[in-house]
Amino acid sequence: MGKVVLVTGAARPLGSRFVRRIQRDPDVDRVVAVDAVRPAHHLGGADFVQTDIRQPTVARVLAESGADTVVHLDVTGTPRGSGSSRTALKETNVIGTMQLLGACQKSPTVKRLVVKSSTNVYGSAPRDPAVFTETTGPKSLPSGGFAKDAVEVEGYVRGFARRRPDVAVCVLRFANILGPAADSPLAAYFSLPVLPTVLGYDPRLQFVHEDDVIDVLRLASYEPRRSTLNSGTFNIAGDGVLLLSQCSRRLGRPTVPLLLPAVTWAGSLVRTLGMSDFSPEQIRLLTHGRVVATDQMRETLGFTAKYTTAETFADFVRSRGPGLLPPEALAGAVDRIAALPLSDTGSGHPQKQSAN
C-alpha cells in the first residue's frame with residue numbers, strides 16, 4: 001500500500017503546485033488537499049476537502065483519510081486578498097496549527113509531519129550575527145507579524161514532537177521564496193517601479209527558488225535516504241547572498257533612500273502605494289538583512305538547491321520583464337515616494353550596516 005499524503009494550504013499557489021507534484025510519485029496512492037477556500041488551480045487527481053483548519057473538523061478529515069504523511073503549508077505571511085485581515089491570518093497560522101497538531105496527536109496512522117516555516121523566526125536587528133544557524137537564537141523575539149506567528153508555530157510543533165516521538169517531524173525554515181510565480185510582500189516590493197530603501201543601509205538578502213521549495217518538501221515527505229536524516233529543523237536557502245543595491249541594479253529599477261524609522265516608513269508606504277501586506281518586519285529585513293547557514297540542509301538533510309540566490313533572483317527578474325519605464329511614469333512614482341512625510345530625526349541618523 002502506498003503513501004497517503006494530506007496537504008494543508010492547498011488552494012494557495014505553492015500548495016496547489018506541491019499537490020500536483022507529489023501525486024505523480026509512484027509511491028503515493030492518494031493525496032488529500034485541504035483548504036478553507038476552493039483552489040483556483042487544478043489539483044489533478046487529488047481529493048479536495050474544503051475545511052478550515054482552525055475548526056475541529058480537520059480532525060475528522062485526517063481520521064477519515066488515514067493519512068500517514070501530513071505536509072502543513074498553511075503557515076504564511078501573505079493575506080489571501082484585499083478582504084483578508086491580519087487577525088484571520090494569525091488565527092490560521094497559530095490556531096489552525098494547534099488544531100492540526102491536535103488531530104495528528106490523536107491519529108494512529110500519522111508517521112511523518114512536515115511543516116513550512118521561515119527564516120523570519122530569526123528576526124532582523126542591528127546586532128545580529130553574520131550568519132544564523134538552526135540553533136542560533138534571535139537577539140530579541142519578533143514582536144508581531146508573521147515572524148511572531150512562525151515562532152509560535154514552531155513552539156507548538158516542538159511540543160507535538162515531544163508528545164509523539166514515534167512521528168518524524170521536519171521543520172523547514174525557508175528564506176525568501178522567489179520565482180516566476182512568486183506571490184509575497186517581497187515580490188511585490190521588487191515589482192515596484194522605484195524601490196524605497198533606508199538611507200545608510202544595504203542589507204544582505206538570501207532567496208530560495210520556488211522549484212527548490214517543491215523539491216525539498218518532497219524530500220522531507222519520505223523516509224530519509226541512506227546517510228541522511230530528514231527529521232529536525234533545517235534552514236533552506238540558495239547559496240550566496242545579494243545586496244539590496246545589487247538587486248535593484250539587476251531589476252533595472254532606481255532606488256529612493258529615505259530617512260524614516262522602520263514602522264513610520266512602513267505605514268507611509270502602505271498608505272501611499274497600497275501595499276497592505278507589507279509589514280514592519282519586511283522593512284526591518286530591508287534595513288538589516290538576514291543570512292542563514294545551510295550546512296545542515298546539505299550534510300544532514302541531503303538536499304542541494306539547484307538555484308543559487310543570484311540565479312533565483314535572475315529567474316524572478318526574467319519573469320517581471322525590463323525595469324525601464326516611460327519617463328512620465330517613472331517621474332510620477334518618484335513624486336509619490338518623495339511626498340512621504342519625513343519623521344522626526346531627533347533620535348539620530350541610522351548608522352551604516354556593520355560587517356555582519
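Side chains are part of it too, since the values below use all heavy atoms of this structure and drop only hydrogens, waters and symmetry mates. Values in this document were obtained by computation on a predicted structure and should not be read as measured data.
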Heavy-atom side-chain proximity of I53 to V34 below 4.5 angstrom = yes
request  = Would you confirm whether R250, through its side chain, and V317, through its main-chain N or O, come within 3.5 Å as a donor-acceptor pair?
outcome  = no
ask   = Is Y122 reaching over with its side chain to a backbone N or O of T133, donor-acceptor style, under 3.5 angstrom?
value = yes
task = Please examine the side chains of V94 and Y156, heavy atoms only from C-beta on, and report whether any two atoms are closer than 4.5 Å.
result = yes
message = Applying side-chain contact (heavy atoms from CB on, under 4.5 Å) to T97 and V75, what does each step give before you reach the verdict?
response = CA-CA 8 Å; T97 297; V75 180; 4.0 Å; yes
request  = Decide side-chain contact (heavy atoms from CB on, under 4.5 Å) for R298 and F303; before the verdict, give the C-alpha distance in whole Å, the side-chain angles of both, and the deciding distance to 0.1 Å.
outcome  = CA-CA 5 Å; R298 293 188 298 273; F303 178 76; over 6 Å; no
ask   = Mind checking whether E281 and F146 have side chains closer than 4.5 Å, heavy atoms only?
value = yes
message = Set out, in order, the CA-CA distance, both residues' side-chain angles and the distance that settles side-chain contact (heavy atoms from CB on, under 4.5 Å) for V169 and V114, then state yes or no.
response = CA-CA 6 Å; V169 178; V114 181; over 6 Å; no
Side-chain (R163) to main-chain (Q105) donor-acceptor, under 3.5 angstrom = no
ask   = Counting distance only, does the side-chain N/O of Q23 pair as donor-acceptor with the main-chain N or O of G45 below 3.5 Å?
value = yes
key: 4.5 Å side-chain heavy-atom contact, R204 and R290   = no
Chi angles and distances behind the side-chain contact (heavy atoms from CB on, under 4.5 Å) call for L73, L217 = CA-CA 10 Å; L73 302 183; L217 286 170; 3.8 Å; yes
request  = Report yes if the side chains of L251 and L195 come closer than 4.5 Å at any heavy-atom pair, otherwise no.
outcome  = yes
Step-by-step ring-ring contact (aromatic ring centres under 6.0 Å, His included) determination, F207 to F316 = CA-CA 10 Å; F207 308 117; F316 171 78; 8.1 Å; no
R54/Q99 under side chain to side chain donor-acceptor pair (under 3.5 Å): CA gap, chis, key distance, verdict = CA-CA 6 Å; R54 295 174 293 178; Q99 288 283 3; over 6 Å; no
query = Can you tell if the side chain of N176 reaches within under 4.5 Å of the side chain of L285, non-hydrogen atoms only?
reply = yes
ask   = Within the side chain of D35, is there an N or O that forms a donor-acceptor pair under 3.5 Å with the backbone of A11?
value = yes
H209: partners by side-chain hydrogen bond (donor to acceptor under 3.5 Å, both in side chains), with sequence neighbours left out = D315
task = Report yes if some heavy atom in the side chain of Y222 is under 4.5 Å from a heavy atom in the side chain of D25; otherwise report no.
result = yes
ask   = Under 3.5 Å, is there a donor-acceptor pair between the side chain of D212 and the main chain of Y307?
value = yes
query = Do side-chain atoms of T294 reach the backbone of M297 as a donor and acceptor pair under 3.5 angstrom?
reply = no
key: Intermediate values then yes/no, side chain to side chain donor-acceptor pair (under 3.5 Å), S221 and R112   = CA-CA 7 Å; S221 301; R112 181 166 295 278; over 6 Å; no
query = With distance as the sole test, does D47 use its side chain to make a donor-acceptor pair with the main-chain N or O of R30 at under 3.5 Å?
reply = no
message = Is there a side chain to side chain donor-acceptor pair (under 3.5 Å) between R12 and S16? Walk through the geometry before answering.
response = CA-CA 6 Å; R12 292 183 177 272; S16 60; over 6 Å; no
query = Less than 4.5 Å apart, any side-chain heavy atom of V241 and any of T309?
reply = no
message = Set out, in order, the CA-CA distance, both residues' side-chain angles and the distance that settles side chain to side chain donor-acceptor pair (under 3.5 Å) for T197 and T255, then state yes or no.
response = CA-CA 6 Å; T197 61; T255 60; 4.6 Å; no
remark   = Scanning both residues in full, the closest heavy-atom pair of G137 with F132 reads O-CE2, 4.4 Å
In residues 61-70, what donor-acceptor pairs under 3.5 Å come from side-chain atoms, sequence neighbours left out?
from, atom 1, to, atom 2, distance (Å)
S65, OG, V61, O, 3.3
S65, OG, L62, O, 2.9
S65, OG, A67, N, 3.2
D68, OD2, V4, N, 2.8
T69, OG1, K3, NZ, 2.7

query = Would you find a donor on one side and an acceptor on the other, under 3.5 Å apart, between the side chain of R164 and the backbone of S107?
reply = yes
ask   = What residue pairs, at least two apart or across chains, pass salt bridge (charged side-chain N to carboxylate O under 4.0 Å, His left out) with a residue in residues 147-158?
value = R86-D149, K90-D149, K90-E152, E154-R158, E154-R173
